[in-house]
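Okay, so here's the structure we're looking at.
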Amino acid sequence: MNLLSLCFSLLSFLVGVDSPGEPVTAELLFVGDAMQHQGQLDQALIKGDGKNYVYDDCFRFIAPTIMEADYAVCNLEVPLGGGRNYSGYPCFSAPDAYAKALKDAGFDMFLTANNHCLDRSDKGLRRTLTALDSLGVDHIGTYYNAQQRDTLVPFIKSIKGIRVGFLNYTYGTNGINPRSGAEVSLIDKEKMKAEIAETREAGAELIVVCMHWGVEYVLTENAEQRQLAQFLIDQGVDMIIGSHPHVIQPMKIVVDEATGKRVPVVYSLGNFISNMKIVNGRGGALVRCRIERAADGKARFVEANYDTFFTVRPVEGATDYIVVPSWMSDHIPSAQRPTWNAFNRAAQDVFEKYNIDFPRLHH
């Protein structure tokens, strides 16, 4: 146990977290892949008169919902490479203004362990961390080096007094390996098992593991995802949130047979914002997880729900890609409504067929 873990354990003992008291409830919100394709870069530069990258309106419809949550998490699937040589797929690099716009929309945590985190090599990975630090946002998944990972993991956040530990892992980095010791949290069962245990020992009452996994563009999870989810549940994890496929996948409350604990498993939230062409990649889902410390003093997951949203592309007179929640779909231009309807119908078909105890929020 490192010094941070010891301090948390001592604090837990001194304050007596298991003592009865007034019930406390908190809401965690998760979205999927925050992409930045070339079309988005081009439009943001137009909005900034060719001098700056401006994203003022991209999240204006969905920001109030994000801000309502007690803690909101997104997957930042682009390095913040710095300079002016920004690029979209296949080797991403986005301006700092993009991350600031996400922060201003209400996101508290940025996940950085994904297959594009080394698109600008070690230098880009490290600069991303420096930029996120300058914005004052939480981030996990990549580190300057292995020593920093050992220092910063476990990461535990007090959310309305409930101590929640967060971990983030990716299946790989598109074959790009660190050249100067930059550290990426890869899916490695032994390492994951150890870090989950360390997080619990450090005083986390609940543990969320965010996984970058699965097969791109496939609307259902595969056997490997299910096996990894069960492995995490067996380690005592309380919530599992997935990304990477760029399309939605099922959401299930899985009951741990050993303890009877209910664990939400979200296999993929799809894209948060992007310029993807395929219909199923034009939107994604947001998930809300309600947690509480009950009168008995114990913290636990209570329930979860989801809703969908859609990325509107620029139309005449507007130069933004705009995330439009399903309950505000009247803001989707008529020319893009057939695509929205096709996306939402496909997502709803998957959720209605495969979701378990994971309802849609009705507005």
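Note: hydrogens, waters and symmetry copies are ignored here, and every other heavy atom, side chains too, is used.
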Carboxylate-amine/guanidinium contact [X] [Y], below 4.0 Å:
X: Asp96; Y: Arg127; result: yes
X: Arg345; Y: Asp349; result: no
X: Glu352; Y: Arg360; result: no
X: Asp108; Y: Lys103; result: no
X: Lys298; Y: Glu292; result: no
X: Arg200; Y: Asp238; result: yes
X: Glu27; Y: Arg290; result: no
X: Lys252; Y: Glu221; result: yes

Can any side-chain N or O of [X] pair as donor or acceptor with the backbone N or O of [Y] at less than 3.5 Å?
X: Thr130; Y: Arg126; answer: yes
X: Arg120; Y: Leu80; answer: no
X: Asn114; Y: Leu76; answer: yes
X: Asn271; Y: Gly284; answer: no
X: Arg163; Y: Gly203; answer: yes
X: Asp122; Y: Arg179; answer: yes

[X] vs [Y] aromatic rings, parallel, tilted or perpendicular, using cut-offs 30° and 60°?
X: Phe310; Y: Trp340; result: perpendicular
X: Phe272; Y: Phe107; result: perpendicular
X: Tyr306; Y: Phe358; result: tilted

Inset, instruction - Check step by step if side chain to side chain donor-acceptor pair (under 3.5 Å) holds for Gln336 and Arg282. - result: CA-CA 11 Å; Gln336 298 183 50; Arg282 286 289 300 276; 2.9 Å; yes
Identify, with sequence neighbours excluded, every residue that meets side-chain contact (heavy atoms from CB on, under 4.5 Å) alongside [X].
X: Lys353; value: none
X: Ala223; value: Arg226, Gln227
X: Asp138; value: Tyr71, Met109, Phe155, Lys157

Checking [Y] against [X]: is there a side-chain donor and acceptor pair closer than 3.5 Å?
X: Gln40; Y: Tyr55; result: no
X: Gln36; Y: Glu77; result: no
X: Tyr321; Y: Asn275; result: yes
X: Asn344; Y: Gln348; result: no
X: Asp256; Y: Thr259; result: yes

For the student: nearest non-hydrogen atoms of [X] and [Y], plus distance:
X: Cys210; Y: Leu111; answer: CB-CD1, 3.6 Å
X: Leu125; Y: Ala182; answer: CD2-CB, 4.0 Å
X: Phe110; Y: Ala99; answer: CZ-O, 3.7 Å

is_close_aromatic([X], [Y]), centroid dist under 6.0 Å:
X: His37; Y: Phe92; value: yes
X: Tyr171; Y: Trp213; value: no
X: Tyr86; Y: Tyr53; value: yes

Do [X] and [Y] belong together in a cluster built from hydrophobic side chains that touch within less than 4.5 Å?
X: Leu45; Y: Phe59; answer: yes
X: Ile176; Y: Val78; answer: no
X: Val350; Y: Val218; answer: no
X: Ile196; Y: Val254; answer: yes
X: Ile187; Y: Val265; answer: yes

What I'd like to find out is whether the side chain of [X] reaches to under 4.5 Å of the side chain of [Y], using heavy atoms alone.
X: Asn115; Y: Thr173; value: no
X: Glu195; Y: Val153; value: yes
X: Met239; Y: Leu206; value: yes
X: Ile291; Y: Thr25; value: no

Inset, instruction - Might you work through the salt bridge (Lys or Arg N to Asp or Glu O under 4.0 Å) test for Asp57 and Lys47, ending with a clear yes or no? - result: CA-CA 10 Å; Asp57 291 332; Lys47 188 78 179 291; 3.3 Å; yes
Inset, instruction - For the pair Ser326 and Asp307, evaluate side chain to side chain donor-acceptor pair (under 3.5 Å) and give the outcome as yes or no after the intermediate values. - result: CA-CA 7 Å; Ser326 62; Asp307 217 322; 2.6 Å; yes
Legend entry - Worked verdict on Ile140 versus Thr112 for side-chain contact (heavy atoms from CB on, under 4.5 Å): CA-CA 6 Å; Ile140 57 171; Thr112 59; over 6 Å; no
Inset, instruction - Only one of His116, His246, His244 passes ring-ring contact (aromatic ring centres under 6.0 Å, His included) with His212; say which it is. - result: His244
Legend entry - Asn168/Ser185 under side chain to side chain donor-acceptor pair (under 3.5 Å): CA gap, chis, key distance, verdict: CA-CA 7 Å; Asn168 176 210; Ser185 295; over 6 Å; no
Inset, instruction - Could you check Asn75, Val31, Leu269 and say which one makes a side chain to side chain contact (heavy atoms under 4.5 Å, CB included) with Ile241? - result: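 Of Asn75, Val31, Leu269, side chain to side chain contact (heavy atoms under 4.5 Å, CB included) with Ile241 is met by Leu269 alone.
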Legend entry - Between CG on residue Leu118 and SG on residue Cys91, distance to nearest 0.5 Å: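 Taking CG in Leu118 and SG in Cys91, the distance rounds to 10.0 Å.
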